[in-house]
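Notes follow once the structure below has been shown.
A, B, ... follow the sequence lines: proteins, then strands. Residue 1 opens every chain. Below, all heavy atoms of this structure are taken into account, side chains as well, without hydrogens, waters or symmetry copies. Keep in mind that this is a model prediction, so the values were computed, not measured.
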Amino acid sequence: MSILETSALTRTYGPRRGIETVNLAVGEGTLFGFLGPNGAGKTTTIRVLVGLLRPTAGAAHIFGLDCWTNSESIKHEIGYLPGDVRMQPWLDGRTALRIWGTIRGRNLLPAGRELAERFNLDLSTRVRSMSRGMRQKLGLILALVHKPRLLVLDEPTVTLDPLMQTVVQQILREMAAEGHTVFFSSHTLGEVEQLCDRVAMIRGGRIVADESLAQLRTRAGHQVTIRWRDAEAAAATPPAALTVEKREALTWSGVLDGPIEPFVAWLSGRGVEDLSIGRPDLETLFRHFYVGEGQERRA
Amino acid sequence: MNRGVMLKAVYESWPATLMCGLLLAGVEAIVAYVIPTFQAQFSESLMQIEFIQTFVSAMLGIDAAEQLGPEAFAAFPWVHPVVLAVVWTHALVSCTRVPAGEVDRGTIDLTLTLPVTRWGILASETIVWIGTGVVVLLAGLAGNEIGSQFVVEEFRVPLERKLIILANLFCLYLAVGGLAWLVSASSNRRGPAIIIVFVVLLASFLLNFLSQFWSVAERISFLGILDYYRPVYVLRDGSVPWYDMSILLAVGVVLWIIAGAIFARRDVCTV
């Protein structure tokens, strides 16, 4: 059963495009990654889901309830982290937990302290003295502390150091294991790869992919960079599986569609000085899978 | 209405309330003492200047050249521009905080994603605003009482009459607040919202002033909210200005309801 569902969801800002006919379905207990470059429509989609924006057309439902008309009921069981966490400068962690607890009708301080310990955040620090990363941690604590049925996180790790990113990922995994659903946006493919069961990609306001990570991985290919020992080696004809996008003197950069082993075998004895094979970042992925504004899939 | 939102509003409001309360108490105490004490000097010097006469007439709503008696001097602390400015400032600061202020600084995202309806947020904020407004006005009354202790008996005003004036001033405060809620509900920026309300209040003040000597302004003076706040009449006969208070209250309530309807329906965009 889908805990979050949108059908032909459209939101425009006057003449400006926001999102167009977005169809999503997120099952309960899923770690769902919502990917896209900056300005693709991730935040607009999320803002419609959490009731900050009204859809221009189409519908968005969470727990089977309309996100605009039943916004209050939905929010009892939602934890939300905005992309750019801003809080009242006078607020400190303890006061925030007290206020949030009063609003939600339960004592959130014990759970908040536990989370603060994991995030290594001093709850007595006022927001005005906090760095962006600390604000992000407090925002995460406030989103997670009431153990919501659905977590909606807009780029949750963007300002965190790698250590804290790992903590966040660990917590999200734990929550998903307990049956909570996590819907989070990101433009970092690595993070999504580590975490998500399923991903949707948005570009130019439209969903261009919505599939499991395994399917996406297969389609993504590998980013390959080869540095040849000499010009003779660099003059080789690439194998069919390798699309060379850039040739610079002795260096090739491109995408490998297919398994790595035959490619490595092809390279062996051809005078390779240096080689890197890795997953492409999201921007590269988009470049390879989709062409132009029409988001036409590559054959 | 939500206790948590009210708690948040109290945290946000207390510095402005404390500041406005102390300021109002101080100004009331000073004006309540100075004007009646030095009324003879005022009458002999300042009140002879035509502009001052017109200005005082506009403030008090009487002909200052002919009707300037003890009540008029006792009414000064309640119509003094600084007093009105402090009361209005508190209303402006309180009523533009949500949503305009919160959209402006980006905190509305978290506020609106808490399990409270927008009407609930507005109602909670409004209760705190009204509560803190009462505190500010009572501080003004306390200041006035202190200042009045040092003036001659003739210029002392019974507490009951002061309370009637205070009620009238409170209705004026609610009307100004209602306007501020309305502008705030339609705005994404607090600064411009405050400026718009301030301009309307200034226009009202100006209309009140011009109506003293310009017949066109006099004919439309009922449009200005200061037309419904005349402490000197309360001091003169002790009557409760039910009509004026009802008008101000109605303006405040209607504007507040429209503000709520706009806030409940509007999109909130901070990015």
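Summarising the geometry, atom CD1 belonging to B:Ile121 is positioned 8.0 Å from atom CD1 belonging to A:Ile103; distances are rounded to the nearest 0.5 Å. Distance CD1/A:Ile99 to CD/B:Glu12: 8.0 Å, rounded to 0.5 Å. With values rounded to the nearest 0.5 angstrom, A:Leu49 atom CG is found 12.5 Å from B:Thr113 atom OG1. We find the NZ-CH2 distance between B:Lys8 and A:Trp100 to be 7.0 Å, quoted to the nearest 0.5 Å. Here the CG atom belonging to A:Leu52 is positioned 6.0 Å from the CG atom belonging to B:Leu112, to the nearest 0.5 angstrom.
Counting only heavy atoms from C-beta outward, the side chains of A:Arg86 and B:Asp109 never approach each other to under 4.5 Å. Residues B:Trp119 and A:Glu72 have side chains not in contact (no heavy-atom distance under 4.5 Å, counting atoms from C-beta outward). Using a 4.5 Å cut-off on side-chain heavy atoms (C-beta onward), B:Val116 and A:Lys75 make no contact. Two residues are said to be in side-chain contact when any heavy atoms from C-beta on lie closer than 4.5 Å; A:Gln88 and B:Tyr11 fail this criterion. Considering only heavy atoms from C-beta on, A:Pro89 comes within 4.5 Å of B:Arg105 through its side chain. In this structure, the side chains of A:Tyr13 and B:Cys269 come closer than 4.5 Å at one or more pairs of heavy atoms.
A:Thr95 touches chain B through its side chain: at least one heavy atom from C-beta onward sits under 4.5 Å away, while N, CA, C and O do not. Residue A:Ile78: no heavy atom, backbone or side chain, is found under 4.5 Å from chain B. B:Ala264 touches chain A through its backbone: at least one of N, CA, C or O sits under 4.5 Å from a heavy atom, while the side chain does not. Contacts of B:Glu102 with chain A are made by side-chain atoms alone, with heavy-atom separations under 4.5 Å and no backbone atom involved.
In terms of modelled atom types and a separation under 3.5 Å, the side chain of A:Arg47 and the main chain of B:Val268 share a donor-acceptor contact. When atom types are taken as modelled, the side chain of A:Arg54 and the backbone of B:Arg265 share a donor-acceptor pair closer than 3.5 angstrom.
By number of non-hydrogen pairs under 4.5 angstrom with chain B, the leading residue of A:Gly51, A:Gly83, A:Pro82 is A:Pro82. Among A:Leu81, A:Leu53, A:Leu91, the residue with the largest count of heavy-atom pairs under 4.5 Å with chain B is A:Leu53.
Enclosure of atom CH2 in A:Trp68 by more than 12 non-hydrogen atoms of other residues, nucleotides or ligands within 6.0 angstrom is indicated. Remark: A:Glu178 CD is packed, more than 12 non-hydrogen atoms of other residues, nucleotides or ligands lying under 6.0 Å away. Crowding of B:Tyr228 atom OH: a count of heavy atoms from other residues, nucleotides or ligands under 6.0 Å exceeding 12. Enclosure of atom CZ in A:Arg128 by more than 12 non-hydrogen atoms of other residues, nucleotides or ligands within 6.0 angstrom is indicated.
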